[in-house]
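Here the structure comes first, spelled out in structure tokens, and everything after it is commentary.
Values below: every heavy atom of this structure, side chains too, minus hydrogens, waters and symmetry copies. Letters A, B, ... mirror the listed sequences (proteins, then strands); counts begin at 1.
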Amino acid sequence: MKKFATWNVNSLSIRLPQVLDWLSAHPVDALVLQETKLTDDKFPTLEIGEAGYQVQWFGQKTYNGVALISREKATDVVKNITGFADEQARVIAGTVDGLRVIGGYFPNGQAPDSDKFTYKMNWLTSLRHWLIQELKAHENVVLMGDFNIAPEDRDVYDPVAWAGQIHCTPEEREHFQQLIQLGFTDAFRLFDQPPKSWSWWDYRNLAFRKNQGLRIDHILVSEALKGRVTACEIDKLPRKNERPSDHAPVILTLDG
DNA sequence: ATGTCGGGACCTTCCCGA
């Protein structure tokens, strides 16, 4: 049995103790983090090493930043999308125990009429082209992270209010479906899930208390892995911590 | 409710991004 997870921590400086606590309760084989918001020289390699994990990291000042934490050292590490020049640190990929693990912090996009949305569309197109190559090179691929896309209306607490809004536009959802068409499966939807399952709740408006959220953090598995998936769950517990991230971790369990 | 966070700088208060 193997376990993989993704978590947007919204600043690893603030959240490191929670990440270490979480790892001791959930000793996963690999965990990808998003929004570390740390330059590479400030990355807490020592603390993560003391917890018994290897780590690869790729960050920048103030914004973005990703990491791949794993029991076994990741090899063939790639930072950002090959073939897409990007100022922003958003992707880290590595091979762990024969599985290609790709962690992504997809652009937020801000608003459908913004420059940031155009960037998001270009980023998604480039990601897809690169993934075609990754899928040719690796049979077992796990693509996970903060996609900043709610794929369907059932992934949105108020689909009417959010219709056409960022995370829910037809263009973003089309990009998500194009990833699925590469041969990926949304592991969360392989199983019956509680209704109103979200992975993100706005800090504002008492959103978590009212369970007003979106499912925008995902774990996609390649065709060869689909039959090995035995569970995929959102762990809401860390969102109840005293200084929580606005995102909850998502956990994948594989047979064998 | 444009309601909260986190980081950073023109730094104890504002701005941006989410």
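Sorted by first and then second residue, the salt bridge (charged side-chain N to carboxylate O under 4.0 Å, His left out) pairs involving residues 82-92 of chain A (not counting sequence neighbours) form an empty list. The side chain to side chain donor-acceptor pair (under 3.5 Å) analysis of residues 30-44 of chain A, with sequence neighbours excluded, yields the pairs A:T6-A:Q34, A:N8-A:E35, A:N10-A:K37, A:E35-A:Y105, A:T39-A:D41. Applying the salt bridge (charged side-chain N to carboxylate O under 4.0 Å, His left out) test to residues at least two apart or on different chains, none of the pairs has a partner in residues 49-60 of chain A.
For A:R243 and B:dG6, the shortest distance from a side-chain N or O to OP1 or OP2 is below 4.0 Å.
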The contact string for nucleotides 10-18 of chain B, one letter per nucleotide 5' to 3', using protein heavy atoms under 4.0 Å with B, S and - for base, sugar-phosphate only and none, comes out as -------SB
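Nucleotide B:dG7 holds its C1' atom 17 Å from the CG atom of A:L16, rounded to whole Å. Rounded to whole angstrom, the span from the CD1 atom of A:I14 across to the P atom of B:dC5 amounts to 12 Å.
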Atom pairs and distances, donor-acceptor, side-chain atoms in residues 186-193 of chain A, under 3.5 Å, two or more places apart:
| from | atom 1 | to | atom 2 | distance (Å) |
| --- | --- | --- | --- | --- |
| A:D186 | OD1 | A:F188 | N | 3.3 |
| A:D186 | OD1 | A:R215 | NH1 | 3.4 |
| A:D186 | OD2 | A:R215 | NH1 | 3.4 |
| A:D186 | OD2 | A:R215 | NH2 | 2.8 |
| A:R189 | NH2 | A:D155 | OD1 | 2.6 |
| A:Q193 | NE2 | A:F188 | O | 2.8 |
| A:Q193 | NE2 | A:C232 | O | 3.0 |

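Map A:L12 and A:L206 each onto its nearest nucleotide of DNA chain B; the residue landing nearer the 5' end is A:L206.
To the nearest whole angstrom, the two C1' atoms, one in B:dC15 and one in B:dC10, are 11 Å apart. Distance noted for atom C1' between B:dG7 and B:dT12: 16 Å (whole Å).
Counting side-chain heavy-atom gaps under 4.5 Å among Ile, Leu, Val, Met, Phe, Trp and Tyr, A:Y203 is found in no cluster with other residues.
For A:P44 against A:L16, the heavy-atom pair with the smallest separation is CB-CD2, 3.7 Å.
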